[in-house]
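Small disclaimer: the values here were computed from a predicted structure and weren't measured.
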Amino acid sequence: MEDLHFLKLWDIYHPLLTQTQQEITNLYFNCDLSLAEIAEEKGCSRQSVSDCLATCRKQLEEYEEKLHFSRTLTEISLMQSFFATDIAKAANAFPVQYREKIEGILERDYTQEVARAIEENGEKLL
């Protein structure tokens with residue numbers, strides 16, 4: 001479970017790590033290599049790989065403590081989920097034609113519209 005937490009933080013903050021730290025953490029968590037395998041590939045000791053991983057964990061936790069991006073993303077995701085659940089429950093009281101429209105809205109994939117809006121208005125939105 002701790003590794004899942006670390007991976008979530010890594011996904012968000014890994015660009016803030018050094019190139020070497022990114023490589024080692026990627027090999028360990030995403031490629032599932034052992035400390036010995038990473039040490040052999042990087043030409044260093046198992047201890048230095050272990051130290052690097054410990055340092056990275058600490059750094060990523062510190063980034064999250066200061067920036068709260070992971071927490072914010074989790075909160076937004078939960079709010080969206082609760083919102084969609086409440087809308088779906090409320091839709092049951094509507095006539096069938098409106099229920100179908102609401103269900104369509106809840107099931108719709110807005111990915112392309114979001115990408116287009118960011119492309120067209122990126123500086124204003126970000």
Side-chain angles (χ1 to χ4, degrees):
M1 201 61 156
E2 185 178 320
D3 285 349
L4 289 177
H5 174 68
F6 175 80
L7 282 172
K8 187 174 182 181
L9 295 179
W10 188 86
D11 283 341
I12 296 168
Y13 299 115
H14 78 272
L16 300 175
L17 299 174
T18 68
Q19 185 66 36
T20 300
Q21 289 173 323
Q22 288 180 40
E23 290 170 7
I24 288 174
T25 53
N26 182 54
L27 290 170
Y28 187 76
F29 287 100
N30 295 326
C31 298
D32 202 28
L33 296 183
S34 69
L35 297 179
E37 291 169 324
I38 297 169
E40 183 178 327
E41 185 167 320
K42 299 301 285 178
C44 60
S45 69
R46 281 184 74 244
Q47 186 60 47
S48 65
V49 172
S50 178
D51 291 347
C52 178
L53 290 171
T55 299
C56 290
R57 283 181 192 273
K58 183 178 179 190
Q59 278 183 276
L60 295 174
E61 291 289 352
E62 288 173 0
Y63 294 144
E64 176 59 18
E65 197 174 295
K66 292 175 183 172
L67 301 172
H68 307 290
F69 290 153
S70 179
R71 180 180 178 91
T72 301
L73 290 171
T74 299
E75 289 172 354
I76 291 169
S77 178
L78 284 171
M79 280 190 265
Q80 187 273 336
S81 179
F82 293 149
F83 176 74
T85 299
D86 286 348
I87 293 292
K89 287 177 184 176
N92 288 328
F94 294 178
V96 173
Q97 65 192 38
Y98 296 115
R99 258 190 305 217
E100 290 172 355
K101 286 182 181 181
I102 292 170
E103 288 170 359
I105 291 168
L106 291 173
E107 293 172 1
R108 185 171 166 197
D109 181 3
Y110 289 90
T111 306
Q112 291 178 345
E113 289 172 66
V114 168
R116 188 172 44 252
I118 289 174
E119 186 177 311
E120 293 171 1
N121 304 292
E123 290 180 17
K124 295 176 193 172
L125 296 172
L126 305 173

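Of the N and O atoms on the side chains of Lys42 and Ser48, not one donor lies less than 3.5 Å from an acceptor on the other residue.
The minimum heavy-atom distance between Asp3 and Arg57, with the atom names listed, is OD1-NH2, 3.1 Å. Across every non-hydrogen atom of Ala39 and Arg46, the tightest pair is CB-N, 3.7 Å. Across all non-hydrogen atoms, the minimal contact from Arg99 to Ala91 is CG-O, 2.5 Å.
Between the side chain of Thr72 and the backbone N or O of His68 there is at least one donor-acceptor pair closer than 3.5 Å. Ser81 places no side-chain N or O within donor-acceptor distance of the main-chain N or O of Ser77, the cut-off being under 3.5 Å. Under the 3.5 Å distance criterion, the side-chain polar atoms of Tyr13 are matched with a main-chain donor or acceptor of Phe69. Remark: the backbone N or O of Ser34 is paired with a side-chain donor or acceptor of Glu37 at under 3.5 angstrom.
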Discussion item. Could you walk me through whether Phe29 and Trp10 satisfy the side chain to side chain contact (heavy atoms under 4.5 Å, CB included) test, starting with their C-alpha distance in whole Å, then the side-chain angles of each, then the deciding distance to 0.1 Å, before giving a yes or no?
Written reply: CA-CA 10 Å; Phe29 287 100; Trp10 188 86; over 6 Å; no
Practice prompt. I would like to know whether Lys66 and Glu62 meet salt bridge (Lys or Arg N to Asp or Glu O under 4.0 Å); could you show each step before the answer?
Written response: CA-CA 6 Å; Lys66 292 175 183 172; Glu62 288 173 0; 5.2 Å; no
Practice prompt. Would you sort out whether Tyr63 and Ile12 count as a side chain to side chain contact (heavy atoms under 4.5 Å, CB included), showing the intermediate values?
Written response: CA-CA 10 Å; Tyr63 294 144; Ile12 296 168; over 6 Å; no
Item to complete: Let me see the working for Leu16 and Leu60 under side chain to side chain contact (heavy atoms under 4.5 Å, CB included), right down to the final yes or no.
Response: CA-CA 9 Å; Leu16 300 175; Leu60 295 174; over 6 Å; no
Worksheet item: Does the side chain to side chain contact (heavy atoms under 4.5 Å, CB included) test come out yes or no for Glu64 and His5, once each step is laid out?
Response: CA-CA 11 Å; Glu64 176 59 18; His5 174 68; 5.6 Å; no
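No more than 12 heavy atoms of other residues, nucleotides or ligands sit less than 6.0 Å from atom CZ of Phe82. Enclosure of atom CD in Glu113 by more than 12 non-hydrogen atoms of other residues, nucleotides or ligands within 6.0 angstrom is indicated. The 12-atom threshold is exceeded at CD of Glu75, counting heavy atoms of other residues, nucleotides or ligands nearer than 6.0 Å.
Rounded to the nearest 0.5 Å, atoms SG (Cys52) and CG (Leu27) are 10.5 Å apart. Rounding to the nearest 0.5 angstrom, the gap separating the OG atom in Ser70 from the CD atom in Glu65 is 13.0 Å. To the nearest 0.5 Å, atom CD1 of residue Ile102 and atom CD of residue Glu107 are 12.0 Å apart. For the atom pair CG (Leu17) and SG (Cys56), the distance works out to 5.0 Å, reported to the nearest 0.5 Å. Note that OH of Tyr110 is 5.5 Å distant from CD1 of Ile105, once rounded to the nearest 0.5 Å. How far CG of Leu106 is from CD of Glu103: 8.0 Å, rounded to the nearest 0.5 Å.
The closest side-chain heavy-atom distance from His14 to Thr25 is not below 4.5 Å. Here the side chains of Leu35 and Tyr28 are in contact, with some heavy-atom distance below 4.5 Å.
A chain of hydrophobic side-chain contacts below 4.5 Å, direct or via other Ile, Leu, Val, Met, Phe, Trp or Tyr residues, connects Leu73 to Phe6.
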